Amino acid sequence: MPNESSMDVQRFLFVRHHLGIHMADWHPTSYRTHTLAEIQLKGADLVGQEVTVAGFMEANRGKGAICFVDMRDGTGTSQVFLKGDIIGEEKLDTVQRMTRESTLQFTGTVAQKRPPKLKEGETPPPPAYEIVASDVVVLTRANAPLPLGITDSVSIGLDTRLDNRFLDLRRAHVNAMFTLRSKVLQYGREHLITEGFKEINTPKIIASASEGGTNLFPMMYFDTPAFLSQSPQLYKQLTILGGMERVFEIGPAFRAENHDTYRHLNEFISFDIEAAWMNDDDVMGVQERMIHHIWKTVAENDQEHIDTINAYRESQGDGSITVEIPTVPFPRIEYCDAIKMIQDAGEEITWGDDIDSSHCDIIAAKYPGFHFLPRWPMEMKPFYIHHIPGEVGATGEQLSRGFDLNYGRDEMTSGGQREHNVEILEENLRSKGLNPEEFSFYTDGFRFGAPPHAGWGLGVARLLMALTGSRNVRETVLFPRDRHRVTP
RNA sequence: GCCCGCUUGGUGUAGAGGUUAUCAUGCAGGAUUGUCAUUCCUGCGACCCGGGUUCAAUUCCCGGAGUGGGCGCCA
């Protein structure tokens, strides 16, 4: 049963949500004079004024002489009140028979809603506004039944949701998720630009396997065999060799890996940077400052979206999430220390082994938030990663200037200082079993003066998971591409 | 790719070798109501596919497909 306090919370969230609307200019359009959010936000000034609104019909109540319609558009919700002697019996009947999620356009006058009947001791909610309809236009009628209910209390399987993402997106908490995704990208861009980075775009159709190690999707480029890009890595380095100084790219990467987990997709958006005259420590600094800025700005500006997600989480019995702004600098646990920590926990691991998920749990127990894992063995890192001769680990093996960023058990980032000496680069290629001649488009760029440089690639969806507490990466991607799904 | 689980109305679920297959949500119709998670009444709607065991399979067995979780691989 609902309790009154939860209704107060709803009311509060509703008003909070609309405060955020100040940020955008919602100019009138051919289909509406006002957004539904404006009806609530500016309701006091609009009382008595005629307005036209448009939206999805979330619900209608009342089969008699009056009818209440809950309308929703991209900005918020408002109630429309219909009375037979105002709008006419025919139109009243049309609306009363209308299916959920049909799109309707209402014209009417704004009025203050009658306050709900209060039980003893309850505080009245802030005033809310509605539209007393004088006319209605049915824009489109929705089929019934819906493949999934927008406001239904039953939970819905992820597969059903993704098959019908266009409807799933209409649910408030899903919409909030992708609003936050947009904000995260915006704040990330903002921060990098303040540090002098320029946004670039690199090709996603490439001629040769770029990094090795991962499987690429083959394709035909007219008559030439080609691949979908697994990473912008080599191209963003070429822009640094070209004197671009500091660059970033937010773009897709494709991996033909048969993985099937909560955190992998075969197409994902990678947030990449590359910067001249920096080493691995320098770009770790860029990253932690950027993430700090994102978290801080979300906490300051976007709490209403977090609240929307929490309202849903609570309805599902999940705990609420909070945006905890991470302190800078993030902890750094060098590979050698991580191995020791895992061994001390009683796990079988030797120097040179990869740190797998169960091992990450051990580290995450001590470092639950963001933490860097620098100084991996050179053998485990790609050919383009820089190493300093003589910088060796516990068993005397060469260390690299490559690092990871983890959030809890999950890897967010892979990065490092790059090798800028072409002779070493070609030697690295050969030692990885790759043919330097196939990489001449890349290595040639290093023959005419090359700045030392470093960079990283960050999985945007995984960052969203960390922010929103999602337990599946598919929650944070509009139309995820995994091993079993290519549509919609 | 490996291991484990699951598959029942549109959606999410309960359940049993044999009776009319449970509940919620939804949908349709009706009554009531300036409602606000409205309420009430009536009705509608389902056992993943193929094979096997059995008098009888939606239930048990085998296979397939789909799906969820864990792992590997990676970001």
Side-chain angles (χ1 to χ4, degrees), chain A residues 1-4 6-7 9-11 14 58-70 77-83 96-97 99-101 111-118 125 128 130 132 142-164 167-168 211 213-215 230-233 252-272 311 315-316 354-359 361 380 382 404-407 410-415 456-463 465 471-474 482-485:
Chain A
M1 284 295 289
N3 58 50
E4 298 302 321
S6 83
M7 280 156 56
V9 170
Q10 291 293 318
R11 177 92 255 141
F14 185 75
E58 209 162 79
N60 58 358
R61 293 182 295 277
K63 304 276 169 136
I66 58 168
C67 178
F68 306 95
V69 176
D70 292 336
T77 59
S78 285
Q79 174 173 283
V80 178
F81 177 58
L82 285 76
K83 217 170 176 177
Q96 284 172 329
R97 292 174 187 285
T99 50
R100 295 196 300 172
E101 296 303 310
Q112 186 169 340
K113 282 172 79 170
R114 300 194 182 181
K117 289 166 193 141
L118 295 175
E130 67 180 3
V132 180
N143 285 357
L146 299 164
L148 57 88
I150 307 305
T151 54
D152 294 3
S153 53
V154 295
S155 68
I156 308 164
L158 183 59
D159 206 49
T160 303
R161 293 175 50 202
L162 293 177
D163 281 341
N164 301 279
L167 282 177
D168 186 46
E211 294 181 31
T214 193
N215 295 318
Q230 67 172 122
S231 160
Q233 182 58 37
F254 305 90
R255 309 258 167 112
E257 301 281 353
N258 281 329
H259 35 47
D260 209 355
T261 77
Y262 68 91
R263 62 188 183 280
H264 289 98
L265 293 174
N266 295 293
E267 174 183 344
F268 63 96
I269 299 300
S270 182
F271 198 138
D272 273 82
S315 78
Q316 299 296 303
D354 199 3
I355 297 176
D356 65 30
S357 295
S358 64
H359 300 144
D361 287 333
M380 299 173 67
D404 285 355
L405 173 75
N406 280 26
Y407 180 83
D410 293 319
E411 185 176 339
M412 300 274 126
T413 291
S414 187
W456 41 255
L458 168 68
V460 171
R462 291 187 181 182
L463 194 63
M465 287 173 74
R471 283 169 301 206
N472 193 312
V473 69
R474 291 159 185 79
D482 63 31
R483 192 169 156 194
H484 304 289
R485 181 178 287 281

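So that the names make sense, note that chain A is the first sequence line, chain B the second, and so on, each numbered from 1. Note that this is a predicted model, so its numbers are computed, not measured.
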Query - Rounded distance [0.5 Å steps], CG in A/Asp168 versus OG1 in A/Thr160 - result: 10.0 Å
Query raised in the report: Looking only at atom P, what distance separates B/G18 and B/U58, rounded to whole Å?
Result: 12 Å
Query raised in the report: Does the side chain of A/Arg100 get closer than 4.0 angstrom to OP1 or OP2 of B/C27 through an N or O atom?
Result: yes
Requested in this report: Using the P atoms only, state how far B/A21 lies from B/G9, rounded to an integer number of Å.
Outcome: 15 Å
Query raised in the report: Of the nucleotides B/A75, B/A24, B/C71, which one has an atom closest to the side chain of A/His259?
Result: B/A75
Report task. Check whether the aromatic ring of A/Phe68 stacks on the base of B/G34, taking stacking as ring centres less than 5.5 Å apart and planes within 30° of each other. Result -> no
Requested in this report: Give A/Asp356 one of three labels, base, sugar-phosphate or nothing, depending on what nucleic acid heavy atoms sit under 4.0 Å from its own.
Outcome: sugar-phosphate
Report summary line: Among the nucleotides B/U11, B/C73, B/C74, whichever has the atom closest to the side chain of A/Arg462 is B/C74
Requested in this report: Please evaluate the base of B/G1 for a donor-acceptor partner in the side chain of A/Arg483 within a cut-off of under 3.5 Å?
Outcome: yes
Requested in this report: Select one nucleotide: of B/A75, B/U67, B/U35, the one nearest the side-chain heavy atoms of A/Phe268.
Outcome: B/A75
Query raised in the report: Taking the same atom, P, in B/U8 and in B/G1, what whole-Å distance lies between them?
Result: 24 Å
Query - Length of the line joining A/Asp70:CG and B/U38:C1', which is rounded to integer Å - result: 11 Å
Report summary line: Under a 3.5 Å limit on both distances, the Watson-Crick or wobble mate of B/A16 is none
Requested in this report: Sticking with atom P, work out how far B/C61 lies from B/G17, rounded to a whole angstrom.
Outcome: 12 Å
Requested in this report: May I ask you to decide if A/Ala142's main-chain N or O and A/Thr99's side chain share a donor-acceptor pair within less than 3.5 Å?
Outcome: yes
Query raised in the report: According to the interplanar angle, ranging from 0 to 90°, do the rings of A/His264 and A/His259 count as parallel (below 30°), tilted (30 to 60°) or perpendicular (above 60°)?
Result: parallel
Requested in this report: Mark yes or no for whether A/Gln230, through its side chain, and A/Asn215, through its backbone, hold a donor-acceptor pair below 3.5 Å.
Outcome: no
Query - Closest to the A/Phe81 side chain, choosing from B/G26, B/C71, B/G34 - result: B/G34
Requested in this report: Write down the distance separating the C1' atoms in B/U67 and B/A56, rounded off to the nearest Å.
Outcome: 31 Å
Report task. Return the value, rounded to whole Å, for the distance between atom CD of A/Gln233 and atom C1' of B/A75. Result -> 12 Å
Requested in this report: Between B/G52 and B/G68, how far apart are the P atoms? Round to whole Å, please.
Outcome: 31 Å
Requested in this report: Could you tell me which nucleotide pairs with B/A57 by Watson-Crick or G-U wobble geometry, both distances under 3.5 Å, or answer none if nothing does?
Outcome: none
**Report entry** Residue-phosphate contact under 4.0 Å: A/Thr160 side-chain N/O, B/G12 OP1/OP2
**Finding:** yes
Query raised in the report: Is A/Glu130 touching bases, backbone alone, or none of the nucleic acid, heavy atoms closer than 4.0 Å?
Result: base
Query raised in the report: Between A/Asp361 (CG) and B/G72 (P), how many Å, whole number?
Result: 10 Å
Query raised in the report: Looking at B/U35, B/C74, B/A24, which one has an atom nearest to any side-chain atom of A/Lys113?
Result: B/U35
Query raised in the report: Rounded to the Å, how far apart are A/Asp163 CG and B/G66 P?
Result: 13 Å
Requested in this report: Calculate the interatomic distance between A/Tyr262 atom OH and B/C73 atom P; express it in whole Å.
Outcome: 14 Å
Query - Between B/G29 (P) and A/Asn60 (CG): distance, integer Å - result: 11 Å
Report task. Describe the nucleic acid contact of A/Ser358 in one word from base, sugar-phosphate, nothing, applying a heavy-atom distance below 4.0 Å. Result -> nothing
Query raised in the report: So which nucleotide does B/G45 pair with, by the Watson-Crick or G-U wobble rule with both distances under 3.5 Å?
Result: none
**Report entry** Watson-Crick or G-U wobble partner of B/C71, both distances under 3.5 Å
**Finding:** B/G1
Requested in this report: Determine which nucleotide pairs with B/C40, using a 3.5 Å limit on both distances of a Watson-Crick or G-U wobble pair.
Outcome: B/G30
Query raised in the report: So does A/Arg61 get a side-chain nitrogen or oxygen closer than 4.0 Å to the phosphate oxygens (OP1/OP2) of B/U38?
Result: yes
**Report entry** Quiz item: A/His264 side-chain donor-acceptor pair to B/C74 base, under 3.5 Å
**Finding:** yes
Report task. Determine the Euclidean distance between corresponding C1' atoms of B/G63 and B/G69; express it in Å to zero decimal places. Result -> 23 Å
**Report entry** Nearest listed nucleotide, side chain of A/Asp152, among B/G10, B/G1, B/U35
**Finding:** B/G10
Report summary line: In whole angstroms, the gap separating P of B/G72 from CG of A/Asn258 amounts to 16 Å
Query raised in the report: With the threshold set at 4.0 Å, does a side-chain nitrogen-carboxylate oxygen contact exist between A/Asp482 and A/Arg474?
Result: yes
Query raised in the report: Out of B/G12, B/A75, B/G34, which nucleotide sits closest to the side chain of A/Ile66?
Result: B/G34
Query raised in the report: With a 3.5 Å cut-off and just heavy-atom distances, do the side chain of A/Glu257 and the base of B/G1 make a donor-acceptor pair?
Result: no
Query raised in the report: Under a 3.5 Å cut-off for both distances, is B/G10 Watson-Crick or wobble paired, and to whom?
Result: B/U25
Query raised in the report: Which listed nucleotide (B/G1, B/G12, B/G34) is nearest to the side chain of A/Gln79?
Result: B/G34
Query raised in the report: Any side-chain N or O of A/Arg97 under 4.0 Å from OP1/OP2 of B/G29?
Result: yes
Query raised in the report: Which residue, A/Asn472 or A/Ile156, contacts RNA chain B at a nucleotide closer to its 5' end, judged by nearest heavy atom?
Result: A/Ile156
**Report entry** Most 5' of A/Ser357 and A/Val473 on RNA chain B, judged by nearest nucleotide
**Finding:** A/Ser357
Report task. Would you please test A/His484 and A/Asp159 for side chain to side chain contact (heavy atoms under 4.5 Å, CB included) and show each step? Result -> CA-CA 11 Å; A/His484 304 289; A/Asp159 206 49; over 6 Å; no
Report summary line: note: A/Asp159, atom CG; B/U7, atom P; distance rounded to Å ~ 16 Å
**Report entry** CZ/A/Arg471: more than 12 non-hydrogen atoms of other groups inside 6.0 Å
**Finding:** no
Query raised in the report: P atom, B/U59 versus B/C49: distance in rounded Å?
Result: 10 Å
Query raised in the report: For A/Asp354, does the CG atom sit with more than 12 other heavy atoms under 6.0 Å from it, leaving out its own atoms?
Result: yes
